[in-house]
Structures are given as C-alpha cells and as structure tokens.
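Following: one structure in structure tokens, then a few remarks.
Order of appearance sets the numbers: ligands from 1, and atoms from 1 within every ligand. For the single chain, residues carry numbers from 1 onward in sequence order. All heavy atoms count here, side chains included; hydrogens, waters and symmetry mates do not. The model shown is predicted, which means the values in this text are computed figures rather than measured ones.
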Amino acid sequence: MLILGIDTSCDDTSAAVVKDELKIISNIVSSQSDIHTKYGGIVPELASRRHIEMILPVVDEALKTAGISIADLSAVAVCHGPGLIGSLLVGCSFAKALCFSRNIPLVAVNHLEGHLLSAFLEEPRPEFPFLSLIVSGGHTSLYVAETFGSYRELGRTRDDAAGEAYDKVSKLLGLGYPGGPVIDRLASKGDPRAIDFPRAYLPDSIDFSFSGLKTAVLNFVGAVKIYKHAEKHGEEFIVEPSKQVCDIAASFQAAVIDVLVRKTEWAVEKTGIRSVALSGGVSANSGLRLRMEEMGKQKGVRVFIPSTGLCTDNAAMIAIAGYNHYLKKNFAGNDLNPQAYLPL
Ligand code: KG4
Ligand code: ZN
C-alpha cells in the first residue's frame, strides 16, 4: 500500500510517500521562510500563492524520489486543518482533484494528529497509552494518546503557543523568521541565568501561558540599549548578535523549557503514564530535547522525540495518520472543506 501525504497548512509545501508498515520512502518539504523572513512572520496571502506554485513540483518530486507514478498510489491523505485557510485550500483542492481523477480514496487528516503520530515515523515507537506534548508555532498542548484516533486533551495554551513566542521574540530582536532555530543557536552562546524572565506554572492546571513571558522580554528590550553587532572576529567585524542578545535568547529559552518540562512532569505524575512523545517545530529545540531526556532518566519515563527534520511540518506525518484512517476505511468525500480551526 502506498499513501501520498500532503501538507500545506502553514508556510511549508510538503508531500511524502509512505509504504505500509509505516516506512517513509520520500518526504519533500519546500520551505517559504525566504519569503516571510523580512516581515518577521507569515504573510498568509503570500503563503497561499507560493503553495499554488509549489504543490505540483513538490508532489512530482515526492513521487520521483519514491520511484513510483501516480498510478501506483492507493490513497491520498491531506491535511484539512487547523491552519491558514488559504494555504489549506491549495492542498485540499489538489488532493481532491487527484483522487477524483484516479478514482482512489481521499483521507482527511487533522494537522495535530499528524504531529502526534510523528512518534511512529521512526524506531523505537511508543506503545499506547502515551503522553503527547505538541509544541509548534500554532499549538502547545498535552494529550493522552489512548490509541490510534483516541486522544484526550489534558491542557493547552491559554494564549500564545511556544513557537509563536519564539517567533515574536525573534522579531523583537531583529533576528527574522522563523525565530526558533536562530534563538536556539544564540541561546547556546548566552547565559540562561542572565535575566530572570517569568515562568507561568499555573498551579493546579496543565494549561500553558507564554504571553506574559513575551511581554517581559518586550519590556526588558525596551528598557535597555540593545547592542546587536558587537563582536570582532580576528581583524574584521562580522555582523553577529552581541553577548547581550545571546543572554536574552538563553534566558528566554530557559523560561520556555522550564515550563514545558515541569508541566510534562506533572502530567506524568497525574496520569502514571510512563511514555512521553514530543512533536511540533519547537521539539527540534536542542535545549528542550536535552532537558526532556534528562527528566525521562530521572523519572524512569521513556521519551520519544522525532529527528529534527520530522519535528517541523512535513507530509510524512500526514501520510502516517492517513494510513491509520485508511485501514479503518475512514474516507473523506469530494465535498471536503478545509477548516482553519479544527480540534483534535
Ligand atoms: O510544527 P511547525 O513546523 O509548524 C506549526 O504547526 O506551527 O512549527 C513551527 C514553529 C515555529 O514557531 C518555529 O520558530 C519553531 O517551530 N521552531 C523552533 C525550532 N525550530 C522550529 N523553536 C525552537 N527551537 C527550534 N530549534
Ligand atoms: Zn505543525
């Protein structure tokens, strides 16, 4: 069985082919960050237009890399939400047309289910039930994954998602979009104890909140003079963020990680579940990966984190989720409409 997965939910155009037994045979991602970086965030209209340009070449490349043709496909799994409506429309329209013309089943996949099931893209795979922390640009939520298709939410962010906070802090510091990778890199050169940014632990709740932290960084940056390019390399000055910017990045990142790890620990204590899976773009963060692994060792909990390339948006995770819906004959009709808001 060969499933083509498609994800156009945000700013990456992605197509992947997954073979039965959950084997990824191709996974192509065309990033749009070059378009959006100068705006410090995603411009939805520009994202939709680029998806229209890229969907055909990206699907073509996924089939070519897999060494198959359209006629070999058993089904198409497409992400139909949540996400940017114009972006989602491109993937959904393409998938519907492809399924109609080839007379093969169409499977609709929730983007969050894709992230959650990305734990199954590689070995070792978790066993149900497991705790799933999804930390992305649009979501920060903790679930109990009971079995395929059955997910119970324990908590979610009450305001900004963790990735959104990364992107906004990056914009504030003039570091461009996406913020996560650059802040991650600069944090490794800074002192995480330099600035005591607040941690919203929200006792008695497994919800999250990152807007206060974002405001604290804004206030700090407003109150001090920021030296951005102060380092000298040999005889020449290279445009490189200063030690001060690295300290802000490290202190901000420490506050995000403290909360994510502590909340996950509470969820382990509350549920008694001994497996934790991380997913979503922020799970590519080197500091978070390290701290979550350490927490796992201390608590005797198994921690599953995808390779960094499978943390951020990709279509392999959509194809994996689609595969499970396909087995249950959970097919979508040609009247499938994308939805910007779609709970898991
Ligand atoms: O899962 P994803 O690709 O898209 C959404 O579903 O939102 O996540 C994108 C988010 C962005 O906010 C980006 O800044 C963040 O993931 N991100 C990171 C890292 N790499 C990407 N955040 C922290 N550290 C990283 N290394
Ligand atoms: Zn995502």
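Counting the atoms of ligand 1 from 1 in the order shown, those under 4.0 Å from a heavy atom of Gly138 are 7 (O). Listed by number with element, the atoms of ligand 1 under 4.0 angstrom from any heavy atom of Gly163 are 12 (O). For ligand 1 and Pro178, the ligand atoms under 4.0 Å from any heavy atom of the residue are 14 (O). Counting atoms of ligand 1 from 1 in the listed order, those under 4.0 Å from a heavy atom of Gly137 are 5 (C), 7 (O), 8 (O), 9 (C), 10 (C), 12 (O). Each of the following atoms of ligand 1 lies closer than 4.0 Å to a heavy atom of Ala284: 26 (N). Close approach of ligand 1 to Asp167 is summarised as follows: ligand atoms under 4.0 Å from at least one heavy atom of the residue are 11 (C), 12 (O), 13 (C), 14 (O). Each of the atoms 6 (O) of ligand 1 lies under 4.0 Å from some heavy atom of His111. Below 4.0 Å from some heavy atom of His115 lie the following atoms of ligand 1, by number and element: 1 (O), 6 (O).
Given atom 24 (N) of ligand 1, the protein heavy atom at minimum distance is Asn285 ND2, 3.0 Å. Of the protein's heavy atoms, Gly281 O, 3.5 Å lies nearest to atom 19 (C) of ligand 1. Counting protein heavy atoms only, atom 26 (N) of ligand 1 is closest to Asp184 OD2, 3.0 Å. Protein heavy atom closest to atom 25 (C) of ligand 1, with residue, atom name and distance, is Gly180 C, 3.6 Å.
Within the structure, ligand 1 lacks Cys10 among the residues with a heavy atom less than 4.0 angstrom away.
Excluding waters, the protein N/O/S atoms found under 2.8 Å from the Zn ion (ligand 2) are His111 NE2, His115 NE2, Asp313 OD1.
Within a 6.0 Å sphere centred on CZ of Arg156, other residues, nucleotides and ligands contribute 12 heavy atoms or fewer.
Between Leu336 and Val78 the shortest side-chain heavy-atom distance falls below 4.5 Å.
Using a 30° and 60° split on the angle between ring planes, His111 and His115 fall in the perpendicular class, above 60°. Relative orientation of the Trp266 and Tyr201 rings is tilted, given thresholds of 30° and 60° on the angle between their planes.
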